[in-house]
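Below is one structure, written out as structure tokens; comments come after it.
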2 protein chains.
Amino acid sequence: MPGEQDLEDSVGAAAELLGDRWTFLILREAFFGTRRFNEFAQNLGLSRNILSNRLKMLVSQGIFEQHPYGPSKARNEYRLAQAGRDIFPIVVALLQWGDKYLAGSRGPSIVLKHTRCGNDTDPLLICRACHEPIELDEILPTPGPGASEWARQRLSQLTDSAFVEPAER
Amino acid sequence: MPGEQDLEDSVGAAAELLGDRWTFLILREAFFGTRRFNEFAQNLGLSRNILSNRLKMLVSQGIFEQHPYGPSKARNEYRLAQAGRDIFPIVVALLQWGDKYLAGSRGPSIVLKHTRCGNDTDPLLICRACHEPIELDEILPTPGPGASEWARQRLSQLTDSAFVEPAER
DNA sequence: CGGTATCCCATTTGATACTG
DNA sequence: CAGTATCAAATGGGATACCG
């Protein structure tokens, strides 16, 4: 069991839930159109008991929805529900980072094509308010309504751009 | 040992590297300005041997840089290197998803303030080419230069918006 | 085909103790 | 403070066998 004050924020909770050796891969498969149990198992090469666990978890979290199909509806397809579709930005962010730092000399294995405009695209994060690109040193985390007292304390001590190289202390 | 064809893409590689129970939390701490061994240990409540392992891994991956400090430079600070700063979009994406689906009734624990424009912000993903927001059903993954033969095969079979609800098969 | 149950092994975890 | 070493316990993994 971890310390008492972790998981207070959504990063922790989301990482705890999704940050699993297989979960992201299952999700990636889903974004590639995979829907059936055996397709997941074969494409990823994971054993079926684990797949069963993960799928069950993901359904219980509202990330996948089961859709019976086939003769007498005896079988299930796993389709992304809204909570699952909303994971796409996370997958994109992982893809971009991996391409930049892990892809090796051959270059990225996957390129995202934006069918709306026809270009290969490299998604960019902007501020929804002012439409400028998000720069790390222009973002300050502040306590929100759900912040614990501990988190509130910590966050309110942050000065602007806390991560910027500090003077030697 | 997983199947033969997994980890072919950057999502898999990045998830394998970062998708760990503690790694994301350590990174989040770093984005909050934490730099010292004991600060990490205390704020996260993880045991020091594990922290030691993770930090070593993150340094070896170029995510953190060690900066000696203190009397006789005997101690190390862990600062985000460029590869580490570039993880910020992933953390933001996790935060947004977590806030939306896991935060509960109290609301998000962390709000990102864009100091440049002064607003609390909810970062948005847009296409770098046409500047329109990224919609899941307008993105098609295509094989890139580093794609394996297997990945190339699979991706080239994807039709437009593969994840969209299909007709019953 | 679409799972579930069982079993065994490798790894990881966290407590604790120790060192410079 | 900043780690490393050790170790028992829990966990997670895959193989296999089994069921509707």
Side-chain angles (χ1 to χ4, degrees), chain A residues 1-7 12 15-26 29-30 33-60 63-79 166 168-169, chain B residues 1-7 12 15-26 29-30 33-61 64-79 166 168-169:
Chain A
M1 192 61 60
E4 308 87 39
Q5 64 261 28
D6 70 327
L7 301 195
E16 179 84 3
L17 194 70
L18 306 173
D20 168 82
R21 179 172 172 191
W22 288 117
T23 304
F24 275 124
L25 279 320
I26 292 173
E29 277 303 306
T34 299
R35 289 189 191 83
R36 296 184 184 182
F37 192 90
N38 270 19
E39 290 175 338
F40 282 109
Q42 284 160 24
N43 289 338
L44 294 174
L46 85 173
S47 29
R48 298 208 302 267
N49 47 0
I50 299 175
L51 178 59
S52 184
N53 285 342
R54 294 296 181 280
L55 251 17
K56 218 175 289 177
M57 183 272 281
L58 290 167
V59 168
S60 80
I63 292 170
F64 278 122
E65 281 168 355
Q66 291 180 314
H67 287 250
Y69 78 100
S72 77
K73 308 280 184 188
R75 296 160 189 184
N76 280 319
E77 276 195 343
Y78 293 87
R79 298 188 200 170
E168 200 78 9
R169 289 180 289 191
Chain B
M1 189 63 60
E4 308 88 38
Q5 63 261 28
D6 70 326
L7 300 194
E16 180 82 4
L17 195 70
L18 306 173
D20 167 84
R21 177 172 172 190
W22 289 115
T23 303
F24 275 123
L25 279 320
I26 292 172
E29 277 303 305
T34 299
R35 288 189 191 80
R36 296 183 182 181
F37 193 90
N38 268 23
E39 291 175 337
F40 283 110
Q42 284 161 23
N43 289 338
L44 295 174
L46 85 173
S47 30
R48 298 209 298 273
N49 48 2
I50 298 176
L51 178 59
S52 184
N53 285 341
R54 292 295 180 281
L55 287 175
K56 218 173 291 178
M57 184 272 282
L58 290 167
V59 167
S60 79
Q61 294 294 323
F64 278 122
E65 279 169 359
Q66 291 179 312
H67 288 248
Y69 78 101
S72 76
K73 308 280 183 186
R75 296 163 188 180
N76 280 318
E77 277 194 346
Y78 294 87
R79 298 189 200 168
E168 202 77 13
R169 290 179 289 192

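Letters go in sequence order (proteins before strands), and every chain restarts at 1.
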Completion exercise
Taking every heavy atom of A:F37 against every heavy atom of A:L55, the minimum-distance pair comes out as CD1-CD2, 3.8 Å
Handout entry: Over all atoms of both residues, closest heavy-atom pair of A:I50 and A:W22
Key = CG2-CD1, 3.8 Å
Handout entry: Polar side chain donor-acceptor pair, A:Y78 to A:E65, under 3.5 angstrom
Key = no
Is the phosphate of [N], meaning OP1 or OP2, less than 4.0 Å from a side-chain N or O of [X]?
X	N	result
B:R21	C:dG14	yes
B:R54	C:dT13	yes
B:W22	C:dG14	yes
B:K56	D:dT4	yes
A:R35	C:dC1	no

Handout entry: Under 3.5 Å donor-acceptor pair, B:N49 side-chain atoms to C:dT13 base atoms
Key = no
Completion exercise
Ranking D:dG3, D:dA15, D:dA2 by distance to the side chain of A:S47, first place goes to D:dA15
Completion exercise
Out of C:dG3, D:dG3, C:dT13, minimum distance to the side chain of A:R48 belongs to C:dG3
Using whole Å, report how far [atom1] of [X] lies from [atom2] of [N].
X	N	atom1	atom2	result
B:L51	C:dT13	CG	P	12 Å
A:L25	D:dG14	CG	C1'	16 Å
B:I26	D:dG3	CD1	P	13 Å
B:K73	D:dC1	NZ	C1'	16 Å
B:I50	D:dA5	CD1	C1'	14 Å
B:N76	C:dG20	CG	P	18 Å
B:R75	D:dG3	CZ	C1'	11 Å
B:L58	D:dG3	CG	C1'	16 Å

Handout entry: Any donor-acceptor pair under 3.5 Å from B:Q61 side chain to B:M57 backbone
Key = no
Practice task
Answer with base, sugar-phosphate or nothing: what part of the nucleic acid does A:F40 contact at a heavy-atom distance below 4.0 Å?
Solution key: nothing
Handout entry: Positive for side chain to side chain contact (heavy atoms under 4.5 Å, CB included) with B:H67, one of B:R35, B:R79, B:R75, B:K73
Key = B:R79
